[in-house]
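The shown structure was predicted, so the numbers you read here are calculated from the model rather than taken from an experiment.
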Amino acid sequence: MAEASDSKKVPTCLLVLGKAGVGKTTFVRKMVEVLSSQSRSPYVINLDPACLQVPYPVNIDIRTTVNYKEVMSQYNMGPNGAITTSLNLFTTVFDQLMKLVGERAKDNEFIIIDTPGQMEVFNWSASGSIITKALASTYPTILVFLLDLKQCQHPNSLLTNLLSCCSIMFLHKLPILAVMNKES
């Protein structure tokens, strides 16, 4: 756990990113299980408005603030547009979320954040940048970039995934940890 200048303990924020289908939600579930079994229960945030169910205990869930299907219907959007708009709407109250996290996560060692399935929606939108900068300005933040091991068995796909990882690192200017997920 990081130490703040006034010697208060500050949780480390793990922002879980990756392409659709790499297993971000499963990875977060496993991290929560492992940390909880060690009596180090993390503070968990779900930022995926389109997930049907969250298979881990969550402290904050975007779905309680923004209804993805209503956004899709109301604004006549497709799935990616509705996810982007849902994140944009959620960002308008993100200062309240940061205050809530500050009050409640002080006793946690980690804040783990599960992001939307389509990483492009989170990483290349203004809301993704705002959320990442807000977290990084308050907490030591590490990007956890998941790679599907099966999709990295060929040199071209491995290089494409690693270049995506590097571009996200340069975009957010934060430390990044590339994690090979799934069995081959």
Inset, instruction - Determine, stepwise, if the pair Y43 / I60 fulfils side chain to side chain contact (heavy atoms under 4.5 Å, CB included). - result: CA-CA 8 Å; Y43 196 85; I60 296 174; 3.5 Å; yes
Provide the closest heavy-atom pair for [X] versus [Y] in the form atom of the first, atom of the second, distance.
X    : Y   : value
L52  : R63 : O-NH1, 3.1 Å
A105 : P11 : O-CG, 3.6 Å
L146 : V22 : CB-CG2, 3.7 Å
V71  : S86 : CG2-OG, 3.8 Å
P140 : V10 : CD-CG1, 3.7 Å
V58  : N46 : CG2-N, 3.7 Å

Inset, instruction - Report the C-alpha distance between D114 and F27 in whole Å, list the side-chain angles of each, state the deciding distance to 0.1 Å, and finish with yes or no for side chain to side chain contact (heavy atoms under 4.5 Å, CB included). - result: CA-CA 9 Å; D114 193 0; F27 178 82; over 6 Å; no
Inset, instruction - Give a yes or no on whether the backbone of E103 and the side-chain of K106 come within a donor-acceptor separation of less than 3.5 Å. - result: yes
Legend entry - Heavy-atom donor-acceptor pair, T92 side chain to L89 backbone, under 3.5 Å: yes
Legend entry - Any I62 side-chain heavy atom under 4.5 Å of L87 side chain: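 The answer is yes; the side chains approach within 4.5 Å.
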Legend entry - Side chains of I112 and Y56 in contact at under 4.5 Å (non-hydrogen atoms):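 Side-chain contact under 4.5 Å: no.
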Legend entry - Name of the residue among P116, S125, S127 meeting side chain to side chain contact (heavy atoms under 4.5 Å, CB included) with I83: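 Output: one option passes, namely P116.
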Inset, instruction - Decide if atom CG of N76 counts as having more than 12 heavy atoms of other residues, nucleotides or ligands within a radius under 6.0 Å. - result: no
Legend entry - Nearest-0.5 Å distance, CD1 of residue I113 to CG of residue L135: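 I113 CD1 to L135 CG: 4.0 Å, rounded to 0.5 Å.
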